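A note on names: the letters A, B, ... follow the listed sequences, proteins ahead of strands, and every chain is numbered from 1. Computed from a prediction, not measured in an experiment: that's the story for all the values here.
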Number of protein chains: 2
Amino acid sequence: MSNSKNRIKDIAKLAGVSVGTVDRVLHERGKVSEVAMKKVQDALEKINYEPNLLARTLGTKKKHQIAVLIPNAESDEYWLQSKEGVEQAASEWAQYDFQIAYYFFDLSDKRSFNQVAEAVYQAQPDGILVSPIFYQETLPFLAFFKNKSVPYVLFNTNIPEVRAISFIGQNLYESGKVGGELASLGHQGYGTFAVLHIHEEIQNSVHLIEKEKGFRAYFEENHPGRILVKSLSLSSSQEDGITELLADPDLNGILVTTSKGISMIAALLEKSGRKGIKLVGYDLLENNIAYLKTGTIDFLIHQNPRRQAYLGINYLANHLLLKKVPPSEVLFPLEIITPQNVNSYLNYILKIY
Amino acid sequence: MSNSKNRIKDIAKLAGVSVGTVDRVLHERGKVSEVAMKKVQDALEKINYEPNLLARTLGTKKKHQIAVLIPNAESDEYWLQSKEGVEQAASEWAQYDFQIAYYFFDLSDKRSFNQVAEAVYQAQPDGILVSPIFYQETLPFLAFFKNKSVPYVLFNTNIPEVRAISFIGQNLYESGKVGGELASLGHQGYGTFAVLHIHEEIQNSVHLIEKEKGFRAYFEENHPGRILVKSLSLSSSQEDGITELLADPDLNGILVTTSKGISMIAALLEKSGRKGIKLVGYDLLENNIAYLKTGTIDFLIHQNPRRQAYLGINYLANHLLLKKVPPSEVLFPLEIITPQNVNSYLNYILKIY
DNA sequence: CTGAAAGCGCTAACAG
DNA sequence: CTGTTAGCGCTTTCAG
């Protein structure tokens, strides 16, 4: 009974109504009598109808607009990569009349988020991709669109209670554990391991605390009682605390939770001349890559911002066009970059995204 | 003058001919006078025409068939994963009338390849995805289709001289280097490192030799003269040589180049009771994952067969439908799996592919 | 050789 | 409320 190629015309015939009526119930456009509705629904249950998307989008003049809210990409390598992922997805959906509007806000200024939010209200997009860095200001923003039943997907940072159609990111806690694992590779004995939060605004702290918890959990689970974990939270200007830390003769490894922070530590470590301290950081930023290749940084954990954003647009487009519901949460693998495999990542990214 | 939305009708009007004629020159169907041809070409140069794919595929009744030639997936976890990638891609392209026909051959029997090849000749597919395990028998097979200008993409193993529209795989040499890096993590001093080829048919040896070269190169570049690299090539029945190897007190790390081989070594290592030997293998097979989680295996390098196959089908479909030419070679990143990040991979794969 | 015209499956405007 | 109909842009017969 569930044949593959059923057209709208077929179900109309089966139901004994016209295609117009079928189309109306399919799209819940109203203006259908109870009895007609029933007939169509019965027919729909008998045969398995899958709309032909080609015909659908060809026959409709609707243009979809997706609003993308991310931190200013100009000044920031990480967010630039997100933007590239969006662009890639956008180009693939362009033929279906999807259009992307970017709204950049300033990472260091909550009010800038409210400003772009205002612009998004005006634009009345059909879907939204947002990285909700600012918790408090994101809440009313998304509530507004939830109310208008405009779908939105979150990426990078999650706010579960806004009930997005999907969240795309990483498990930060697990990420911290991998950080611990990498920082301690080859160290079986006692020692000191540090987790540093650098350069980051206060708003982001939940993000970083999660990683720190994972980092600590790793040592508790795998080297209980044998290892001291230190935590330092610094802005880039306070190099003193770090210099002091690097002087600790027991220090064996460091995880820096912010993608931009690790290269600063790498520089200080090189200056100090110390060897044997494992440095673990995040993401394929230019500086990070350079220090990884020289061996000062030992490992980078890749958050894959490109693919996160790419997937976000895909989910939105599929939802809008096909009413496909995406997974409510997809957590990316915790990819480990080393001096030996970094080139394989860089080459791949160039070709694929 | 290259406006975006130019229909075939527009260029017809501009050229002063009918849409039928334009369509004929667009598809080189012949039956067009020199003068008409000229007019259309002139028009085509004036305005930038991009065909509407939706309309194109809707208006044509052509069904595309893609032949997939891979080793029998029933008995083999690795190839099963490839097959799953094909299925995923197939489901995404189904609406465009793409159909997949599988042709499984026996990894241990060259003649079985010739048999399925025969079947493929009969089927006259429009595109081919093949993993060319058997060099000699693949050559004439692909020559046949090159001659018929049926596009084919290779994955997993490359044969550059057949000039596929694309090859998807990994850089085996670099992969071996990463294997060396991982096997030697935490070992600064002298020592023995082994690279083992297990379970594999002779036909595959090029594959494995490449990895071994990379493995050796890693040590030469990073620990010159200080480390002894041993190489052993074994079928699964010859456990003696391995037991002997494991008894070597200088042994620090092992890379097993075949995805199925590593779990056998892991079992023997556990039995021997020795500690501190780094074990590095390939791929997320069930047994491998189990040994990784218990810590007997330290690292796995992920070849991502799912995504390789998935991408292969995508390239073929895009080529057939859109005449898009894929990158002639895409080398996948050398993904490193550890006890701490393995779950993040397993969860991700479940959701995405 | 060439133009006209009938679809492909779906949407949406329009009479009734 | 409901059926009919004219497209969407491209392909593909089919007369001429």
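For the contact set between residues 314-321 of chain A and DNA chain D, defined by any heavy atom under 4.0 Å, there are no members.
More than 12 heavy atoms of other residues, nucleotides or ligands shown are found within 6.0 angstrom of NZ on Lys62(A). For Glu161(B), the CD atom counts as densely surrounded, since its 6.0 Å shell holds more than 12 non-hydrogen atoms of other residues, nucleotides or ligands. Counting heavy-atom neighbours within 6.0 Å of Lys38(A) NZ, excluding the residue itself, gives a total of 12 or less.
Within the structure, the side-chain hydrogen bond (donor to acceptor under 3.5 Å, both in side chains) test picks out no pair touching residues 324-333 of chain B (sequence neighbours left out).
Annotation: side-chain contact (heavy atoms from CB on, under 4.5 Å) contacts of Ser33(B) (sequence neighbours excluded): Val35(B), Ala36(B). Judged as a salt bridge (Lys or Arg N to Asp or Glu O under 4.0 Å), and not counting sequence neighbours, the contacts of Glu87(B) are Lys83(B). Remark: Asn72(A) engages no residue in a side-chain hydrogen bond (donor to acceptor under 3.5 Å, both in side chains) (not counting sequence neighbours). Residues passing the side-chain hydrogen bond (donor to acceptor under 3.5 Å, both in side chains) test with Tyr78(B) are Asn156(B), sequence neighbours excluded. Residues forming a side-chain hydrogen bond (donor to acceptor under 3.5 Å, both in side chains) with Ser18(B) (at least two apart in sequence, or on another chain): Thr21(B). Listed by chain and residue number, Phe113(A), Tyr121(A), Phe145(A) satisfy the ring-ring contact (aromatic ring centres under 6.0 Å, His included) test with Phe141(A) (two or more places apart in sequence, or in another chain). For Asp97(B), the side-chain hydrogen bond (donor to acceptor under 3.5 Å, both in side chains) partners at least two apart in sequence or on another chain are Lys63(B).
Two residues, Val17(B) and Leu58(B), neighbour DNA chain C, and the one matched to the more 5' nucleotide by heavy-atom proximity is Val17(B).
Using a 4.0 Å cut-off, some side-chain N or O of Thr21(B) falls inside it from OP1 or OP2 of dG3(C). Side-chain nitrogen and oxygen atoms of Arg56(A) include none within less than 4.0 Å of the OP1 or OP2 phosphate oxygen of dC10(C).
A donor atom on one side chain and an acceptor atom on the other are not found under 3.5 Å apart for Glu45(B) and Gln41(B).
Between Lys9(B) atom NZ and dG3(C) atom P there is a gap of 16 Å when expressed in whole angstrom units. Rounded to whole Å, the distance from NZ on Lys31(A) to P on dG16(C) is 18 Å. The interatomic distance linking Met37(B) (CE) with dC1(C) (C1') rounds to 12 Å, in whole Å.
Note on Arg7(A) versus Asp10(A): salt bridge recorded, some NZ/NE/NH1/NH2 to OD/OE distance being below 4.0 Å.
Close approach of DNA chain D to chain B, defined as any atom under 4.0 Å from a non-hydrogen atom of the protein, starts and stops at dG9(D) to dT12(D).
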Just the atom pairs and distances: protein N or O near nucleotides 12-15 of chain C's N or O, under 3.5 Å.
from, atom 1, to, atom 2, distance (Å)
dA12(C), OP1, Thr60(A), OG1, 3.1
dA12(C), OP2, Arg29(A), NH1, 3.2
dA12(C), OP2, Arg29(A), NH2, 3.1

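From one end of the helix from dC1(C)-dG16(D) to dG16(C)-dC1(D) to the other, with five pairs defining each end axis, the axis direction shifts by 50° (rounded to 10°).
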